[in-house]
There are 2 protein chains.
Amino acid sequence: MVATDTVTTADDATRVLSIDAMGGDNGPATVVAGLALFLKVHPGTPVLLHGRTDELRPLLATHGLAGQVTLRDAPDVVTMHDKPSQVVRRGKQTSMWSAIDAVRNDEAGVVVSCGNTGGLMAMSMLRLRKIDGVNRPAIACLWPSRNPQGFNVMLDAGADIRADQDDLLTYALMGASYARNAFDLAQPRVGLLNVGTEEHKGRAELKVAHELIAATAAAGEFDYTGFVEGGDLPGDVCDVIVTDGFTGNVALKTGEGIANLISDLLRENLRKTPFSILGALLARGALRQLKRKVDPRRVNGGVFLGLTKTVIKSHGSADATGVAAAITLAHRLADQGFSDRLAARLAAALPHDDTKGSDT
Amino acid sequence: MVATDTVTTADDATRVLSIDAMGGDNGPATVVAGLALFLKVHPGTPVLLHGRTDELRPLLATHGLAGQVTLRDAPDVVTMHDKPSQVVRRGKQTSMWSAIDAVRNDEAGVVVSCGNTGGLMAMSMLRLRKIDGVNRPAIACLWPSRNPQGFNVMLDAGADIRADQDDLLTYALMGASYARNAFDLAQPRVGLLNVGTEEHKGRAELKVAHELIAATAAAGEFDYTGFVEGGDLPGDVCDVIVTDGFTGNVALKTGEGIANLISDLLRENLRKTPFSILGALLARGALRQLKRKVDPRRVNGGVFLGLTKTVIKSHGSADATGVAAAITLAHRLADQGFSDRLAARLAAALPHDDTKGSDT
């Protein structure tokens with residue numbers, strides 16, 4: 001496996017968070033502000049913070065965090081416009097690379113970065129191994145939903161534009177494991193995204209995946225809902241929705257676009273007359289609650305699943321609240337030893353060609 | 001071509017609307033109520049209404065429409081649960097079949113039906129010819145958007161789960177022609193849906209379609225925007241968005257799902273406290289305006305493009321307002337001789353193998 005030339009023991013290190021302070025649209029001040037919000041709730045959590053130490057030190061001091069966070073100097077930054085191919089070729093001096101290598105070297109358990117998604121994915125794929133049995137890692141994202149937990153997990157949100165039937169089966173297992181660990185759902189309900197719920201609908205690989213996922217539900221400890229439709233992403237018929245990264249990415253951006261349109265129109269319309277202005281003032285609390293429920297900042301934190309270590313991608317335009325949400329998710333997954341649990345689950349549930357039993 | 005055993009002349013017949021009164025979730029009473037709303041604004045429009053005449057006659061009388069509408073008796077109804085294969089095999093006595101055959105026989109110019117989408121598509125494909133050069137007809141639907149016209153056209157919304165590069169080119173031409181005729185956009189802007197706007201992104205057929213559409217923009221009299229993302233469906237970077245029917249269907253249902261979730265949460269939250277109830281009351285007008293803007297009933301009316309006659313699918317759960325919107329669209333397209341214009345446009349702009357020039 002990987003080198004372990006570190007001073008911490010493996011168990012301790014699993015709980016350490018490795019945070020890329022640079023990248024993102026709002027720069028390191030926002031990341032440090034988010035970290036401060038997180039540490040107020042979870043004081044003493046061990047954190048490695050990667051970036052330009054001369055920029056980070058004063059930011060940490062401002063928030064009274066000097067000494068609470070271990071700094072790792074990295075002179076370069078992956079910008080939002082760097083192509084994945086550039087990032088992996090010329091990115092060795094970046095804070096992103098440093099943050100990933102800390103988990104590669106078993107110094108930390110989970111990575112958090114606000115940087116460029118394509119770059120983060122490419123670098124993670126290069127530096128971290130895929131879990132045995134995983135062909136295509138996936139990005140899992142969260143949808144505001146009608147479910148009691150308030151969210152649904154969707155994967156793949158865009159790690160790969162393709163997914164065959166075996167990938168879709170792997171996504172079902174990974175998504176169920178993630179939902180169980182992140183949201184305390186003992187037996188998550190998993191659906192497969194299609195253009196209709198009838199069995200005869202959809203592409204050939206979806207029909208095969210439908211059979212494969214149904215056959216693996218018991219071993220994966222999830223309930224298989226069958227085919228679901230786009231309207232179920234924010235719905236309550238299942239907790240995890242499986243799709244290829246092309247469809248998932250389009251659905252995610254469509255949902256965000258519609259939510260933003262409605263929010264903007266609501267604001268505009270409420271400004272139109274003195275009555276509506278007064279009305280909006282009186283209903284302020286209710287409108288704020290709604291905003292919180294569908295706020296992309298609070299459902300922030302796409303997670304790369306399928307690598308031996310967990311990597312969390314925070315939204316590039318996340319503010320401090322959004323960054324804090326992503327770090328809180330990282331803390332929870334690190335605390336539960338999620339990466340190892342996921343690998344064990346896949347080993348136990350995926351069909352094996354080369355071994356007779358699972359290794360866990 | 002088709003038989004023309006009718007008394008009306010071809011030009012007159014093009015303006016006749018052929019309406020399937022049955023099917024849909026709400027039955028013929030809603031269709032007739034919608035027709036009445038339409039005829040109030042456009043009195044004297046010639047209409048053929050297909051269905052059980054003994055049910056339809058009293059409904060027409062209720063709305064004072066007796067004598068204003070020509071009835072065509074059809075004893076059977078395509079239900080929302082009938083499979084397309086059943087519909088085409090056993091549907092000869094249905095109102096849907098009768099409505100389609102009226103345009104097939106050149107007695108009318110445009111069909112409107114609230115019935116089962118799959119059945120309507122299958123029956124239309126069976127009874128109406130495809131326009132020369134069209135391999136896969138498409139369903140065009142409307143999105144509420146930030147554009148001045150208030151809508152964007154998206155196709156394919158789900159006629160076929162596949163689309164190759166040539167289909168996508170055809171969709172671009174058909175979508176542009178539809179936007180020009182339905183919304184008075186002289187030079188519509190057409191975008192191709194992808195997971196990113198950079199040229200290197202997306203599936204192989206998208207990259208080829210990107211080149212084909214760019215090369216055909218001048219002949220098709222549209223501006224090509226290039227790749228667009230899910231967030232642009234309700235946006236203002238283009239007026240027409242081209243995609244395959246799988247992605248389009250998922251996006252459409254996702255958008256509806258998110259809009260419904262937000263609308264329900266808004267209603268719930270505004271009921272929570274006396275302040276918010278009073279606020280909602282004062283802002284009632286503004287909230288109603290918003291609802292109208294994103295109301296699926298008003299953007300009702302999916303259109304099948306690529307057949308020699310235009311077929312409009314109204315939402316199955318449409319109420320009278322929704323039905324009236326679909327009939328109004330049909331009236332506009334019929335008045336402009338849209339079906340013939342579309343065929344001429346495709347003949348002029350699509351690459352020809354067998355002829356040296358276009359036939360228009």
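So you know, we letter chains A, B, ... as the sequences are listed, proteins then strands, and number each from 1.
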Chain A contact via B:L193 - which portion, at a heavy-atom distance below 4.5 Å: both

Options A:I161, A:T254, A:L266, ranked by heavy-atom pairs under 4.5 Å with chain B, top entry: A:T254

Inter-residue atom distance B:T247.OG1 - A:D244.CG, 0.5 Å rounding: 7.5 Å

Nearest non-hydrogen partners of B:A251 and A:V250, listed with the distance: CB-CG1, 4.3 Å

Engaged part of B:I241 at the chain A interface, taking heavy atoms whose separation is under 4.5 Å: neither

CG on B:N249 to CD on A:E229, rounded to 0.5 Å: 7.0 Å

Test item: A:N260 and B:R146 side chains (from C-beta on) under 4.5 Å apart, heavy atoms: yes

Residue B:D236 versus chain A: region with a heavy atom under 4.5 Å: neither

Any A:L206 side-chain heavy atom under 4.5 Å of B:F246 side chain: yes

Most chain B-contacting option - heavy-atom pairs closer than 4.5 Å, from A:I258, A:L252, A:T243, A:D264: A:I258

Exercise: identify the closest heavy-atom pair between B:P234 and A:G257: CG-C, 3.6 Å

